[in-house]
Every structure is written in C-alpha cells, then in structure tokens.
Amino acid sequence: MKVSLTAAQFPITWDIKRNLELITEILAGARPDDIVVLPEGALSGYGPDLSVLEDFDISALAHATDCLADLAQQKAIHLFCGTLLFDQGIWSNAAVYFPPDGARWIYRKINLAMNERGRLEAGTELSTLSIEMAGGPLALGVQICREIRFPEQWQHLASSGAQAFIYLTHAANTAEPAGVWRSHLISRAAENQRFVVAANVADPHQHCPSMIISPRGEVLAEVTSGSTAVIRTTIDLDQSADWYLDQRRQDLLRLSYEGKGIST
C-alpha cells in the first residue's frame, strides 16, 4: 500500500491563536488521505519552562483543539499534532490524532523529560493505532521527543504490529551534540525496518531535523535548517519488514509490556 506522508516544522510559541494560524496555513496544501505530522507542542506551545501552565488559557486550548478536528475533517486528512493536554485536572504531553471522521485518539508521552516531571503526568499505555486509509488499514506507533533514546519502546510498537512510526519532537537544545538525534532516528527506522516520519520545531538551535526515513535507514526527505518548511513523500509500506525482528534471541532476552492496555 502506498501512502503520502507530510512533516511540517514551524516556530512554536505560547500563543495558541498564532500556532493555530500557522498550522492552518500549512494544512492548506494538504491533500485528502495525507498523513500530516506536526511537532511536539505545536498547538499549545512548549518550552523548557512549563511554569506558564499555572495560568494557562485552557478554554482557548480546547477551542483550538476543536478547530483542528474540524480542519482535519474538512481536508479529509490524517493529522498528528503535538500539544500539552489538560484533562480532569492533569496536564500531559500528548500527540493527538485527528482523523477525517472527526474522532480523536491520544498518545500521552510515557517517558517524560526532566523539566516535565512534577508538572506533567506520564502516560501509562504504549499501544499501536490503526487508521483507515483509502488503500486499507494502517497500524502506526507514536513517540514523542526524548523517547527517541529508548529503543525498546519502538521495538515494542513494531512487535505489536506498527507498520510505520510517527515522531513528534521539540528538540532545540544547545547542549545536545549535533547529529546525535538524527542518528537515533535513522537507527530506529533501520533496526525495526519501519518508515519514520519526524517533525521538529523550526528553531535556530534545532538539533534534530524534520525528516522521513525508509526501513533501510535511507533519508527520503529532510529539512536541514531551522526555518518553516514542509516535506512530503510517498512511501510503499510493502518495504516494511520483520526480517531483523524475527531473528531476535527471545530464548535469551524478551521484552515484557506492563502497561494498562494491550496493543491493538
């Protein structure tokens, strides 16, 4: 099955209205049945200092979230957008999937960054998501930012049936060595033999490119600057495989999932 993938990066601020305007401009070029990936915190805003959440406009965020759901329906696209999410008195770092039918699916980051701990609550499930494409169902795994450093999470998703990975990040840390996170992304694609589509914030200090990678570890599209940009490519999911996963020595070493739910 062939699928059209789009990853977009743009400057993200704590101004929800401005973030929504930029997202709307980006989605103007989206085509029906596209999978579109936006960065971590793309809607709410994101940054090292999360004290802004103490006096955050929750109603404005809820309204903007509804607007994105409507926009995904109007464009008939599969939209993945990062946002800080407030639900039942708790903040989490989430990737929200907005399908063409108006429903929603949420992945909450399970491995929080140090600045997030104490302010956000970690997710408790690491499950795949099945979406309905024009060519048939597609199983996806979703990861956020520093979870790139935990390959066992990606392997679990691949073993649970994910045919490709969606990756949202806000990686703009001057303390990070150049090239390391790019290498991680290529490794996550190649070791699991899965496509990876990654979207990062547009920032001069960006240390992880927005990119699309093949199951062989080939970079199919990449943004190498910190400017606003959109990359798009069409992939053939028949290239995804389990050849390496099937060769694991599970008689000696086996992953165990202890989450609240089971992968679907």
Side-chain angles (χ1 to χ4, degrees), residues 1-8 10 16 19-44 58-88 92-109 123-144 157 160-168 194-199 212 230-238 240 259-264:
M1 180 170 66
K2 293 189 176 180
V3 175
S4 177
L5 299 178
T6 297
F10 61 93
I16 297 173
N19 292 339
L20 182 59
E21 289 172 349
L22 291 172
I23 292 171
T24 302
E25 291 175 8
I26 287 168
L27 296 183
R31 300 174 298 205
D33 214 39
D34 278 358
I35 294 177
V36 182
V37 182
L38 303 177
E40 176 185 24
L43 185 59
S44 61
I58 298 170
S59 61
L61 179 58
H63 173 71
T65 304
D66 290 341
C67 288
L68 274 192
D70 292 342
L71 194 54
Q73 273 192 285
Q74 294 166 16
K75 302 291 292 185
I77 60 174
H78 302 270
L79 175 63
F80 289 84
C81 181
T83 188
L84 298 179
L85 199 63
F86 188 77
D87 183 40
Q88 298 182 0
S92 59
N93 188 341
V96 183
Y97 166 58
F98 300 96
D101 65 5
R104 298 179 196 178
W105 177 89
I106 300 170
Y107 168 68
R108 291 176 172 85
K109 186 178 180 181
T124 57
E125 296 185 39
L126 187 61
S127 302
T128 58
L129 164 69
S130 180
I131 69 175
E132 289 297 327
M133 306 291 296
L138 168 61
L140 298 170
V142 181
Q143 292 284 266
I144 300 175
L157 290 167
S160 299
Q163 298 164 271
F165 294 124
I166 304 295
Y167 178 66
L168 302 78
R194 299 295 191 271
F195 287 96
V196 174
V197 53
I212 300 172
V230 176
I231 53 176
R232 177 197 298 270
T233 192
T234 299
I235 64 169
D236 184 352
L237 286 166
D238 289 342
S240 296
K260 292 177 65 176
I262 60 174
S263 295
T264 56

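Quick caveat, the model's predicted, so the values are computed rather than measured.
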- Considering only heavy atoms from C-beta outward, does the side chain of Ile166 approach that of Gln143 to under 4.5 Å? no
- Query: For the residue pair Ala8 and Pro39, what are the closest heavy atoms and their distance?
  - Reply: O-CD, 3.3 Å
- Task: Please tell me if the side chains of Phe80 and Leu38 come closer than 4.5 Å, counting only heavy atoms from C-beta onward.
- Result: no
- Task: May I ask you to decide if Tyr97's main-chain N or O and Arg104's side chain share a donor-acceptor pair within less than 3.5 Å?
- Result: no
- Query: Side chain of Thr128, backbone of Leu157: donor and acceptor closer than 3.5 Å?
  - Reply: no
- Message: I need the minimum non-hydrogen distance between Thr83 and Ser44, along with the two atoms involved.
- Response: OG1-CB, 3.2 Å
- Item | N-O pairing of Glu125 and Arg108 below 4.0 Å | no
- Query: Is there side-chain contact between Ile35 and Thr6, with heavy atoms separated by less than 4.5 Å?
  - Reply: no
- Task: Take Leu138 and Ser130 through the side chain to side chain contact (heavy atoms under 4.5 Å, CB included) test and state the conclusion after the steps.
- Result: CA-CA 5 Å; Leu138 168 61; Ser130 180; over 6 Å; no
- Query: Which pair of heavy atoms, one from Ala198 and one from Ala7, lies closest together, and at what distance?
  - Reply: O-CB, 3.5 Å
- Find out whether Thr24 and Glu21 are in side-chain contact, i.e. whether some heavy atom of one side chain is under 4.5 Å from a heavy atom of the other. no
- Minimum side-chain heavy-atom gap Phe10-Ile23 below 4.5 Å: yes
- Message: Is the shortest side-chain heavy-atom distance between Arg232 and Ser4 below 4.5 Å?
- Response: yes
- Test Asp34 against His78 for side-chain hydrogen bond (donor to acceptor under 3.5 Å, both in side chains), laying out the working first. CA-CA 6 Å; Asp34 278 358; His78 302 270; over 6 Å; no
- Ile144 and Asn93: which non-hydrogen atoms are nearest, and at how many Å? CD1-O, 3.8 Å
- Salt bridge present between Lys2 and Asp238 (N-O < 4.0 angstrom): no
- Message: Measuring from atom CG of Leu126 to atom OH of Tyr107, what distance do you get when rounded to the nearest 0.5 angstrom?
- Response: 5.5 Å
- With a 4.0 Å cut-off, would you call Lys75 and Asp33 a salt bridge? no
- Message: Show the nearest heavy-atom pair for residues Ala162 and Leu140, with the distance to one decimal.
- Response: CB-C, 3.8 Å
- Message: I'd like to check Phe195 versus Leu237 (side-chain heavy atoms, cut-off strictly below 4.5 Å). Are they in contact?
- Response: yes
- Message: Hydrogens and angles aside, do Gln73 and Asp101 bring a side-chain donor and acceptor to less than 3.5 Å of each other?
- Response: no
- Task: First locate atom CG of Leu71, then atom CD1 of Ile26, and finally report the distance between them rounded to the nearest 0.5 Å.
- Result: 11.0 Å
- Calculate, to the nearest 0.5 Å, the distance between atoms CG and CG belonging to Leu85 and Leu61 respectively. 7.0 Å
- Heavy-atom pair of closest approach, residues Leu68 and Cys81: CD1-SG, 3.7 Å
- Query: Under a 4.5 Å cut-off applied to non-hydrogen side-chain atoms, are Leu5 and Val3 in contact?
  - Reply: yes
- Task: Working to the nearest 0.5 Å, report the span between CZ of Phe98 and OG1 of Thr65.
- Result: 5.5 Å
- Could you give me the CA-CA distance, side-chain angles and deciding distance for Val196 and Ile212, then say whether side chain to side chain contact (heavy atoms under 4.5 Å, CB included) is met? CA-CA 6 Å; Val196 174; Ile212 300 172; over 6 Å; no
